[in-house]
Amino acid sequence: MTDKPRYYVTTAISYPNAPPHIGHAYEAIATDAIARFKRLDGYDVFFLTGTDEHGQKILQTAAREGVTAQTLIDRNVPRFKAMAERLNCSNDDFIRTTEQRHYRSSIAIWEAMEKNGDIYQDKYSGWYSVRDEAFYDESETRLNEQGVRIGPQNTPVEWVEEESYFFKLSAYQQKLLDLYARVPDFVLPKERLNEVASFVRGGLQDLSISRATLNWGIPVPSNNKHVMYVWVDALTNYITAAGYPDTNSEKFKRYWPADLHVIGKDIVRFHAVYWPAFLMSAGVEVPRCIFSHGFLFNRGEKMSKSTGNVVDPFSLIDDFGVDPIRYFFLREVPFGQDGNYSHEAIATRINADLANDLGNLAQRSLSMVARQLDGILPKPGIYSENDKTILAAADAMIISAREAMKTQQLHQVLNQVWAVIADANRYFAGEAPWALAKTDPPRQGTVLYVTAEVLRQAAILCLPFMPTAAGKLLDLLGVPPGDERTFAKLGVGSRIAAGTKLPAPSPVFPRYVEPETSPATSPTK
RNA sequence: GGCGGGGUAGCUCAGUUGGUUAGAGCAGCGGAAUCAUAAUCCGGAGGUCGGUGGUUCAAAUCCACUCCCCGCUACCA
């Protein structure tokens with residue numbers, strides 16, 4: 001094993017009763033950027049994603065389509081895997097809750113909770129929403145215009161009355177509140193922790209954690225007539241992948257507890273209340289942080305089939321490319337808040353930030369090196385005040401980036417990098433190296449060197465966000481792959497090597513040009 | 001109903017220990033430059049800072065009331 005510090009980060013596992021949508025893609029992109037950032041910053045990262053394949057909703061979708069649950073997931077899960085690959089996600093594992101290792105793990109955590117006296121059998125009766133996979137108190141439900149009883153999410157609920165196993169969630173109220181007090185960053189953004197804490201403060205009821213009326217799930221160990229409530233099963237994936245129940249294994253000892261669960265804001269309660277309670281009960285450490293991201297809206301509207309604004313992540317990538325799409329979502333949407341996207345907004349971002357600001361700066365400076373200096377990166381002379389100022393700004397980027405990443409502020413990292421790129425464009429225009437070529441060649445060399453150095457640091461910081469494109473830019477700058485492309489090489493201590501023969505420059509971030517055919521984000525009725 | 005967040009330029013937003021002409025990006029207008037991916041740089045323009053009333057020499061920033069949006073939560077039914 002390595003002596004690097006470790007970092008275990010997960011996405012939520014996706015529910016494959018339908019093909020992946022933009023929200024799944026967003027979560028995967030963001031988590032991948034975090035994982036890559038940490039790797040480049042010297043961490044031994046374990047990045048997990050996967051699919052949550054049990055539960056009544058899968059069963060119902062399968063029935064509606066006239067296939068078995070197994071057939072449904074075997075058809076859909078590969079699309080989630082393909083999406084992760086297409087998004088260039090660097091996940092180290094992809095867990096499916098139908099795997100043997102996960103059965104073993106789920107049964108083990110159940111038995112541990114049972115052994116701790118937190119599971120008991122009782123009769124359950126109440127309102128259950130299949131779509132939300134949640135039980136609601138009658139007071140949370142109401143009758144809609146059609147006379148159908150619906151829950152708080154406006155999904156239909158059904159009266160369920162059956163034998164069920166319960167988890168003594170009520171016993172964990174104080175322990176959870178203590179946890180929130182002890183770890184103020186347990187849930188981010190902070191507003192979300194306040195919401196969770198006030199929910200817990202309001203009192204917790206025991207949780208029904210098994211169902212006897214369906215068979216698509218992991219059997220309860222002591223009673224095979226029951227399967228586990230899908231959330232017990234789903235949440236457990238995070239420890240399964242770390243090797244649970246082999247808590248003495250090297251892997252488990254190394255990676256658990258997870259450093260970060262990245263989830264959507266709709267499932268905060270499950271992750272910030274139920275999950276730590278299950279773990280405390282089972283005698284397993286709780287994760288360190290839950291980060292809840294926002295939702296994405298297409299032109300301000302929630303994506304839905306009825307509005308006809310469903311956007312397939314694959315076609316978005318076909319239209320714009322993987323790296324530009326990754327950049328757009330991570331730059332445009334403050335991480336943790338809801339965000340908007342549209343075809344025009346994506347095109348504008350790509351052209352303004354990537355093609356014009358960064359790409360063009362690289363192209364204009366490097367083509368000067370290629371044409372006027374035989375492609376040899378010049379040696380700098382004595383630095384002027386302007387040189388020192390822009391270099392200092394470049395050196396400071398990693399400092400502020402690390403600071404922003406402490407709370408997963410991905411957009412801030414990019415904001416700061418692009419502020420320096422804008423400075424670099426002003427610097428370049430102000431120094432006018434094309435004029436210096438005739439009047440003061442050594443000075444021209446210094447300006448081009450300084451520009452290349454700023455580009456180098458910017459490109460390395462872009463690696464987590466746009467792995468391929470940033471890598472190409474580093475190729476153009478003559479920065480060899482490997483250790484030279486890590487955060488250890490950022491800041492005052494490292495400078496780009498002068499005298500290097502650079503390859504012929506070519507645009508790394510092409511402008512987006514509107515195709516003749518209709519764009520993918522336009523409504524398809 | 002309670003708690004919390006928010007209403008600032010055409011768009012997206014930043015901006016509170018109250019204090020010179022309220023900021024950025026994008027869009028738009030004018031100019032410069034022409035090394036570069038028709039990219040870049042500079043400049044003007046653009047806002048009764050949700051509304052009303054107050055505190056103050058001075059309020060986007062503090063107080064009261066009020067309108068609207070969003071989140072969590074409760075209750076009634």
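Computed from heavy atoms alone, side chains included, the values below leave out hydrogens, waters and symmetry copies. All chains are named by letter (A, B, ...) in the order of the sequence lines, taking the proteins before the strands, and each is independently numbered beginning at 1.
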Got a salt bridge between A:K265 and A:D338, using NZ or NE/NH1/NH2 to carboxylate O under 4.0 Å?
yes

Base orientation of B:G31, chi within 90° of 0 counted as syn, else anti, reads anti

| Inter-nucleotide C1' distance (B:C11, B:G28), Å rounded | 12 Å

Item to check | Inter-nucleotide P distance (B:G23, B:A9), Å rounded | outcome: 14 Å

TODO: Using atom types as modelled and distance alone, determine if a side-chain donor or acceptor of A:D387 lies under 3.5 Å from a backbone N or O of A:S384.
DONE: yes

query = Angle class for the A:Y449/A:Y383 ring planes (parallel below 30°, perpendicular above 60°, tilted otherwise)?
reply = parallel

**Message:** Would A:R269 pass as a cation-pi partner of A:F199, given that its NZ or CZ must be under 6.0 Å from the six-membered ring centre and within 45 degrees of the axis?
**Reply:** yes

To the nearest angstrom, the CD-P distance between A:Q409 and B:A14 comes to 12 Å

Handout entry: Same-atom distance (C1') from B:G25 to B:G46, integer angstrom
Key = 15 Å

Partner of B:G25 under the Watson-Crick or G-U wobble criteria, both distances under 3.5 Å, comes out as B:C11

For this session: Considering only NZ, NE, NH1 and NH2 on the basic side and carboxylate oxygens on the acidic side, decide whether A:D206 and A:K168 come within less than 4.0 Å.
Result: no

Its contact letters, B for base, S for sugar-phosphate only and - for none at protein heavy atoms under 4.0 Å, make nucleotides 4-11 of chain B read --------

Query - Lys/Arg N to Asp/Glu carboxylate O, A:D178 vs A:R182, below 4.0 Å - result: no

note: A:D353, atom CG; B:U40, atom P; distance rounded to Å ~ 10 Å

Rounded to whole Å, CG of A:N340 lies from C1' of B:C26 at a distance of 15 Å

Between CG of A:D338 and P of B:C13 the distance, given in whole Å, is 10 Å

_Short side-chain to backbone donor-acceptor contact, A:S365 and A:A362, under 3.5 Å_ = yes

Q.
I'd like to know if the side chain of A:S315 and the backbone of A:D318 have a donor-acceptor N/O pair within less than 3.5 Å.
A. no

Query raised in the report: Which value, in whole Å, describes the distance between the C1' atoms of nucleotides B:G15 and B:G6?
Result: 15 Å

- prompt: Where does the angle between the aromatic ring planes of A:H271 and A:Y238 fall among parallel (under 30°), tilted (30 to 60°) and perpendicular (over 60°)?
  reply: tilted

In Watson-Crick or G-U wobble terms, with both distances under 3.5 Å, the base opposite B:C35 is none

Across every strand shown, the nucleotide meeting Watson-Crick or G-U wobble geometry with B:C65 (both distances under 3.5 Å) is B:G51

Between the CG atom in A:L476 and the CZ atom in A:R456, the distance rounded to the nearest 0.5 Å is 15.0 Å

- Item | Gap in Å between the two P atoms, one belonging to B:U8 and one to B:A14, rounded | 10 Å

When both distances are under 3.5 Å in a Watson-Crick or G-U wobble arrangement, the nucleotide paired with B:G1 is B:U73

P-based separation of B:C13 from B:G53 [nearest Å]: 30 Å

For nucleotides 27-39 of chain B, 5' to 3', base contacts (B), sugar-phosphate-only contacts (S) and non-contacts (-) with protein non-hydrogen atoms under 4.0 Å give -------SBBB-S

Problem - C1' atoms of B:C42 and B:U34, separation to the nearest Å - result: 15 Å

Got a donor-acceptor contact below 3.5 angstrom from the A:N237 side chain to the A:D52 backbone? no

Atom CZ of A:R201 and atom P of B:C72 are separated, to the nearest Å, by 17 Å

Taken to the nearest whole Å, CZ/A:R349 to C1'/B:A24 is 11 Å

Whole-Å distance, A:Q412 CD to B:C13 C1', equals 12 Å

(message) Rounding to an integer number of angstrom, what distance separates B:G7 and B:U16 when you compare their P atoms?
(response) 12 Å

Rounded to whole Å, the CG-P distance (A:L204 to B:A74) equals 11 Å

Applying the 3.5 Å cut-off to both distances, the Watson-Crick or G-U partner of B:G18 turns out to be none

Across every strand shown, the nucleotide meeting Watson-Crick or G-U wobble geometry with B:G44 (both distances under 3.5 Å) is none

